[in-house]
Structure formats: structure tokens, C-alpha cells
Amino acid sequence: MSAKITFLKQCLEEVLYRHLEQKLAQAIAAFLRKRYPAATLPKIVIEQPPKVELGDFAVPLFPFAKPLRSAPLKIAESIRTEIGNIEGIAEMNVASPGYLNVKIDRAWMAAALASDRKPAAERPSGKILVEHTSINPNKAAHIGHLRNAILGDTFVRLLRYAGREVDVQNYIDNTGVQVADVVVGFTYLEKKTRAEIEALTRRPRFDYYCWDLYARVSQWYEQDGQNQQARAETLHAIEDASSETAAIADLISSAVLRRHLETMGRLDIEYDFLPRESEILHLHFWDAAFAKLKDAGVLTYETEGKNTGCWVMRRAGTGKVENTEDTGDAQEISEEDQKVIVRSNGTVGYVGKDIAYHLWKFGLLGRDFGYRKFYRYPNNHECWISAVRGELHHPHFGGVSEIYNVIDARQSEAQSTVIEALRELGHKEAADHYTHFSYEMVALTPRCAAELGYTLSEEDKMRSYIEVSGRKGFGVKADDLIDQLVISAKREVDSRHPQLADDERQDIATQIAIGALRFFMLKFTKQSVIAFDFKDALSFEGETGPYAQYAVVRANSIFKKGEVDLDGFCGSLGQSISADELAKFFSRENGDEFWELWLAAGKTSYIVDQCISTTEPAHLAKHAFELAQLFNTFYHRHPILTEPDEKKKQFLLATVALVRRELIRILEVTGVTVPPVM
RNA sequence: GGGCGCGUAGCUCAAACGGAUAGAGCACGGGAUUUCUAAUCCCGGGGUUGCAGGUUCGAGUCCUGCCGCGCCUACCA
């Protein structure tokens with residue numbers, strides 16, 4: 001409940017730049033409609049000119065030439081001279097070969113920015129569900145999982161910044177072969193009793209233990225095909241929830257899950273609800289979904305071919321043959337386009353379970369989980385888990401209007417199949433509001449793999465990256481990477497601030513490490529495979545999190561050294577300097593440079609919007625870096641505390657305060673906090 | 001074979017919806033007044049955006065073909 005109050009507060013953030021852009025587009029559209037009532041107008045696209053001197057918005061008019069039967073330059077000129085006043089717009093210029101460049105009234109916008117005043121934003125309604133992390137609870141998290149969780153968590157923060165209400169879910173596949181394999185490891189290889197395993201789960205990094213054991217089991221299977229029998233038996237035993245094996249599996253998966261929550265907790269990543277596959281099975285979600293799927297004719301029963309006796313669905317993306325609409329749902333699906341949903345032995349595959357789960361997400365299943373408390377974060381935030389018999393009082397999850405699933409690109413086909421199933425069940429709205437937030441994997445550079453002690457084939461050495469494999473125990477564990485980052489940040493902090501207490505230095509090092517890691521995972525666009533290398537990941541210079549953190553630290557230190565009360569100054573930013581004064585500084589020497597910085601600082605909401613509509617958080621990391629970069633240049637060129645002109649000093653301080661405020665906001669959305677000193 | 005994605009500077013990556021001179025970081029070379037701490041800043045070289053066509057006022061971006069690479073394509077989850 002307390003979390004919801006923060007959403008409301010945050011959706012009041014400034015939206016000036018975005019607001020102006022919309023107003024401009026509307027004004028131009030209205031003007032052109034009035035002037036050329038007969039013409040059908042193309043969409044007005046607003047861009048940004050390559051240089052600040054040219055203006056703040058650019059409107060290319062080439063697409064209007066044909067429908068308006070006029071040269072782009074002439075259209076631009078007529079808009080410029082005839083459109084009249086638009087609040088916040090100072091001037092327009094025509095630029096060849098056909099742009100209308102628009103300048104914002106700098107003093108007007110700066111005054112609004114300084115006082116953090118903003119027009120009311122429209123408040124979208126409807127709850128959003130973001131699912132991310134979803135690590136099999138049988139081994140330690142690795143760097144690939146970090147990318148998933150950081151992308152997902154950042155997206156959650158973006159949505160909340162934009163005023164949306166969000167539930168965060170982490171789906172736990174606790175009944176699959178992966179968990180069974182570790183159970184096999186404990187029971188067959190190590191011959192441990194339940195009590196002994198229980199004792200092990202209380203050891204510090206139980207997930208590391210499982211990581212190694214899982215790799216050993218995989219090897220054991222390879223040694224002798226007969227050993228696979230142990231897996232089959234174990235899987236079967238787990239199905240009976242009251243069995244000893246099921247109890248062991250639950251013990252292991254719960255302990256590993258707890259470890260995953262701790263690992264992600266180190267990065268300030270939290271979840272609201274952990275739906276588990278075991279409850280999807282035991283609460284018979286599939287039965288309900290199966291009935292609906294059969295009724296709607298989404299599934300077909302195969303009576304011939306290799307899938308005889310199976311219920312199948314058309315594999316997504318294999319497109320139906322055209323011109324056969326009237327044959328209705330009886331259309332044959334060629335064998336290779338069939339996706340088996342229910343096997344001939346009557347058991348359901350994971351896509352089927354996923355369909356049921358997603359019907360629940362949208363509140364379309366007619367069943368619900370039981371809920372029980374599972375994990376309490378240091379800030380008292382409660383994380384719930386699914387249960388067959390839950391607690392009487394619990395929050396409500398599911399039944400949302402929009403979902404985002406952060407799942408790597410390898411699952412694209414399965415995700416599309418689930419979406420198709422929803423659509424064919426007649427839930428078009430749901431299908432349209434189902435977004436597979438797809439991203440590429442994190443792989444290792446050959447050099448990194450060699451550093452980790454793996455021997456590579458000649459073929460592998462030629463590759464630009466090598467896929468990690470949990471099954472082989474090949475990869476970089478998340479906690480190891482975080483530890484290394486903290487150690488190397490600590491070394492730097494120790495040498496820079498020997499006068500500080502050790503725990504203080506440790507805190508600072510941790511913030512820097514997390515900043516570096518989160519930024520590192522965000523600066524790549526989703527589609528790009530990250531070829532992981534310790535050298536790049538451990539870097540604290542250049543385009544990194546610490547670079548952006550450092551800019552804020554510098555801003556803070558100006559206030560500290562200058563003995564200016566930071567809170568007081570920032571709180572009354574709006575009054576400390578008049579609009580007339582602002583106008584002077586933006587028009588005099590360095591005016592463009594100052595304005596560029598103010599403008600960049602004013603774009604936070606604009607960038608957040610872009611990140612949401614493109615489901616691409618990388619833009620935000622990029623923007624944080626660019627703003628920090630502009631600030632650092634400004635910092636070097638304009639000594640502030642020694643500035644003799646008091647008015648100018650106030651202006652420079654206001655600039656610092658504004659950039660600081662926005663940079664902190666942006667970093668908060670990326671999940672990066674700023675240490676007191678660096 | 002089919003589906004999805006990728007190919008941009010020596011390396012790692014940007015450039016949403018086609019737009020103005022394709023940008024950063026790293027690496028390399030040179031420099032920064034005793035300062036609001038240099039985890040910083042400035043300058044420099046570096047590019048036929050895989051290849052060939054097409055669409056148009058305009059293509060790294062869209063279309064077609066080719067070349068190279070990756071992932072998916074199980075009655076595993």
C-alpha cells in the first residue's frame with residue numbers, strides 16, 4: 001500500500017519538453033488543416049536539430065510538399081509567419097532544404113524547470129504486470145540472469161516513474177527437470193538424507209553448492225545413459241506432493257530461491273509475488289485452460305502422423321495458408337508446424353502451463369492462487385509466494401490490463417504461441433497488451449572463458465563469444481561478479497579516502513559497484529549480445545555508471561565547499577533567480593552552452609516515454625551519460641565558487657542544482673544510487 | 001530446409017518512428033592556469049555502415065538477392 005503512494009507522487013514529474021513537443025505538433029497540424037482544408041495531411045514528425053544553435057525542435061516538411069502542392073521551404077515559411085503565438089515557443093526559422101526549426105523560449109522553460117513546475121500529465125489507468133528474473137531454482141544466478149533482472153527492474157522503475165501501477169512477478173519453475181537433477185545429485189550421487197540437505201541449505205552460499213552439483217549430475221548422465229533413469233524416477237516422485245522426494249525438491253528450490261532474492265536484493269531489485277509452477281499444477285490451472293482451449297477449437301487432436309494422440313496448436317509464425325477462410329477452424333496444420341501442447345500420455349508441456357498462467361494474469365482463467373508471505377526485504381516490503389492453501393488476508397495479484405514478460409530472445413517462438421492462444425480464445429485485448437520484452441543473451445568472450453580456466457576448442461577460440469551453460473557449470477556467477485566489483489571499487493575508495501571509516505568506505509564501494517554493474521547491463525541495446533569481459537565490466541571510467549555518479553558527487557561538493565545550503569537552495573530554486581536574469585544568461589556568451597545543459601536536464605520524462613514506448617531502457621543509460629558529460633564539460637569551463645559576479649554565480653549554482661536534481665532522478669530510474677563522496 | 005535476429009572506426013557499442021557533416025567509450029599519441037578532488041577535461045588520427053541492386057527530394061535505417069555469424073525449429077522444462 002505504501003508503495004502506491006510513491007507512484008502518485010512520481011507521476012507529477014516535469015513533462016515540459018514532451019508537453020511542448022506535443023503542443024507544437026498540434027498547433028502546426030491545426031494551422032495546416034485550416035490553411036489547406038482540402039488536403040489530407042501526413043503525420044507531423046518532430047525531431048531534434050543536430051545542433052542547439054539551430055533550435056530545439058526540427059520539423060521536416062518534405063512529406064507535405066506533394067499533398068499541399070507547395071515547396072517545403074514555402075510551407076515552412078508560411079507556418080513561421082502565420083501561425084501566431086504558441087506559449088513557450090520563442091521563434092521559428094526556416095532552414096534549407098526544407099526544415100522548420102523551432103526555438104523554445106529559454107527563460108520561460110528554465111523558470112519552469114527551476115521551480116519544478118509542470119503541466120498536469122494525463123494519468124493512464126490500469127495495472128501493469130512485469131515478469132522478470134525467473135531463474136530455475138536449482139543453481140546460483142549468473143550474469144545472464146543479471147541482465148534479465150536489471151532490464152526488468154529498470155523497466156518497472158520506468159513505468160512507475162511514468163505514473164503507472166506495477167506488480168512485479170518472478171515466475172518459479174520448481175517442478176521441472178532442472179530441480180529434479182539437483183535432487184538426483186543429492187540423493188544418488190551424494191546419498192544425503194533430507195536432514196543433511198536441510199543443514200546444507202542453511203550454509204551461506206547454498207546456491208553455489210548446487211551449481212557444482214548440477215554440473216556433476218549432468219556429467220554423470222553423460223557417462224552412462226542408464227543414469228537418466230534416476231532423473232525419470234525422481235521427476236515422477238516429485239509429482240506426488242506428499243512424497244519425501246517432493247519435500248526434498250521443495251527444500252532445495254526454496255533455499256535456492258531465497259538466495260536468488262538475496263542476490264537481486266544486493267542490486268535493489270525486489271519482487272511482489274512469486275508464482276510457482278507447483279501451484280499451477282496442484283491448483284489445476286491447466287484443467288481450466290484446457291477446457292477453454294478445447295471449447296474454442298484452439299487445440300486439435302491428432303489422429304495420424306508422428307504426433308498421434310497429442311493435442312497440438314499451430315506454431316506461431318508459421319502463418320496459415322491464404323484463401324481458406326471459409327474452411328473455418330478445421331484447417332489442417334502440417335506436421336512441422338505443429339506445436340505439441342498435450343502429449344500422447346496426457347501430460348501437458350510448458351507452453352500449455354504458460355497459456356494457463358497467462359489467462360490467470362489477465363484474470364481470464366476463473367481460478368486463483370493461494371498466497372503466503374515468503375520473504376521480507378530490509379525495507380519491510382513483503383514478497384508473496386503462491387501456495388495451495390494460502391493465508392486468509394493477502395494482496396490481490398493478477399487480473400491486470402497489461403503485461404510485459406522479460407524473457408530472452410530464445411523464447412520468442414514460445415511467447416508468440418501463448419499470445420496466439422489468447423487471441424484465438426477470443427481475448428484480443430489481452431493478446432494486444434501482451435509484450436514479450438525480448439533481449440539477447442550474455443555470452444563470454446573467449447578470453448574471459450580462458451581466464452575462468454576453461455579449455456577451448458580451436459573453433460571456439462575463433463568465435464567472438466561463447467554461450468554460457470548452467471548445465472556445464474560454465475559461466476560467471478552473479479554474486480562473484482558483484483563481489484569482484486565491490487573489491488575493486490573498494491581498492492579505489494581506500495586509496496582516495498583513507499581518512500574515512502572502513503564501513504563507510506565499504507558502503508561507498510558497494511554503491512559504485514552496483515552503479516557500474518547496472519549501468520553496464522543497461523548501456524547495450526536489448527538486441528545486442530553482450531560478449532562479457534571482466535575488463536569492460538570492471539571499468540569505472542568513460543561510459544560507465546561511476547562516471548554519472550561522479551558528476552552528482554561533484555555537484556554536491558560545490559555546494560559543500562561553497563557552504564551553500566543544498567536543500568535550501570534547491571528548494572527555492574524558482575525564486576533565487578528571475579526569468580529576466582535567466583534570459584540574459586541564455587542570450588549572452590556561452591548562452592547556447594548553458595541552454596544545452598538546461599535542455600538536456602529538462603528531457604527526463606521525454607526520454608522515459610521513449611524508453612517505455614520502445615521497451616528499450618538503454619536510451620535512459622545513454623541519456624544519463626550524456627547529461628553527465630555535458631555537466632563535466634561545464635564544470636571544467638566555469639569555476640563557480642570563485643565567480644566574482646554574484647548574479648552569474650547564482651545562475652551557475654542554479655544550473656548545477658538543476659542538473660543534479662535531474663541526474664539523481666534519472667539514475668534512480670536506472671536503479672543507481674549516488675555515494676556521498678567518490 | 002523454415003522462422004527470428006545480427007553485420008557500423010583496431011576493439012566494444014550508439015544513431016526509436018527514413019532526415020541536416022554517421023556519434024560515444026576503450027585502446028593509441030599529445031596536452032590541462034597550485035582548482036568546486038583528475039573515477040575529470042581538451043586536441044589528434046582513425047568509416048565505401050558485409051556485398052549488389054531497388055524504392056525517393058533524402059537510406060546505416062525500408063524492399064529484393066547474395067555472403068558471413070548467432071539463436072529457435074524435441075511428445076525437455
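We name chains A, B, ... by the order of the sequence lines, and we start the count at 1 in each one. Quick caveat: nothing in here was measured; it's all calculated off a predicted structure.
Within 4.0 Å (heavy atoms only), N101(A) reaches at least one base atom of the nucleic acid. If you check every strand for non-hydrogen atoms under 4.0 Å, T308(A) touches a base. Using a 4.0 Å heavy-atom cutoff across all strands shown, E616(A) reaches no nucleic acid atom at all. Within 4.0 Å (heavy atoms only), K306(A) reaches at least one base atom of the nucleic acid. Within 4.0 Å (heavy atoms only), E440(A) reaches no atom of the nucleic acid at all. The residue P675(A) sits apart from the nucleic acid: no heavy atom pair falls under 4.0 Å. If you check every strand for non-hydrogen atoms under 4.0 Å, Q629(A) touches sugar and phosphate atoms only. In this structure, A618(A) reaches neither bases nor backbone, as no heavy-atom distance under 4.0 Å exists between it and the strands shown. Here K560(A) lies out of heavy-atom contact (under 4.0 Å) with every strand. When heavy atoms are screened at a 4.0 angstrom cut-off, F559(A) is found touching no nucleic acid atom at all. Among the protein residues, V351(A) comes within range of no part of the nucleic acid, since none of its heavy atoms lies under 4.0 Å from any strand. Base contact: Y350(A) has a heavy atom under 4.0 Å from a base atom. In this structure, N632(A) reaches the sugar-phosphate backbone alone: every heavy-atom distance under 4.0 Å involves primed, P, OP1 or OP2 atoms, never a base.
Judged by Watson-Crick or G-U wobble contacts below 3.5 Å, the nucleotide U64(B) has A52(B) as its partner. The partner of C75(B), taking Watson-Crick or G-U wobble pairs whose two distances both stay under 3.5 Å, does not exist in any strand shown. Using the Watson-Crick or G-U wobble rule with both distances under 3.5 Å, C26(B) pairs with G10(B). With a 3.5 Å ceiling on both atom-pair distances, the Watson-Crick or G-U wobble partner of A32(B) is U40(B). In this structure C4(B) sits in a base pair with G70(B), meeting the Watson-Crick or G-U test at under 3.5 Å. With both pairing distances under 3.5 Å, G58(B) is matched to nothing as a Watson-Crick or G-U wobble pair.
Residue pairs meeting the salt bridge (Lys or Arg N to Asp or Glu O under 4.0 Å) criterion with at least one partner in residues 621-630 of chain A, sequence neighbours excluded, are E543(A)-K622(A).
The side chain of E541(A) lies closest to C26(B) when the candidates are C26(B), G19(B), C41(B). Minimum atom distance to the side chain of A531(A) is reached by C13(B), of the listed C13(B), C26(B), A16(B). Relative to the side chain of P60(A), the nucleotides A39(B), A24(B), G19(B) differ in distance, and G19(B) lies closest.
In this model, no side-chain donor or acceptor of S412(A) finds a partner on the base of C72(B) within 3.5 Å.
Taking 4.0 angstrom as the limit, T633(A) places a side-chain polar atom (N or O) nearer than this to OP1 or OP2 of C42(B). Applying the 4.0 Å criterion to OP1 and OP2 of C72(B), one finds that Q415(A) has every side-chain N and O outside that range. OP1 or OP2 of C69(B) has not a single side-chain nitrogen or oxygen of R463(A) nearer than 4.0 Å.
Sparse packing is recorded around CD of E563(A), with 12 or fewer heavy atoms of other residues, nucleotides or ligands lying under 6.0 Å away.
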Tell me, for nucleotides 29-38 of chain B in 5' to 3' order, what letter each nucleotide earns: B for a base near a protein heavy atom under 4.0 Å, S for only sugar-phosphate near one, - for neither?
-------BBS

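Each of E543(A) and Q178(A) was matched to the nucleotide of RNA chain B holding its nearest heavy atom; the match closer to the 5' end belongs to E543(A).
S334(A) and D337(A) share a side-chain donor-acceptor pair at under 3.5 Å. T673(A) and Q511(A) share a donor-acceptor pair across their side chains, judged by distance under 3.5 Å alone. Between the side chains of N174(A) and E277(A), no donor-acceptor pair is found at a separation under 3.5 Å.
Proximity of the aromatic rings of Y99(A) and F62(A) is defined here by a centroid distance below 6.0 angstrom, and this criterion is met. Proximity of the aromatic rings of Y465(A) and F532(A) is defined here by a centroid distance below 6.0 angstrom, and this criterion is not met.
No option in N148(A), T615(A), D408(A) other than N148(A) meets the side chain to side chain donor-acceptor pair (under 3.5 Å) test with Y439(A).
In this structure, the side chains of R315(A) and E420(A) stay at 4.5 Å or more apart for every pair of heavy atoms.
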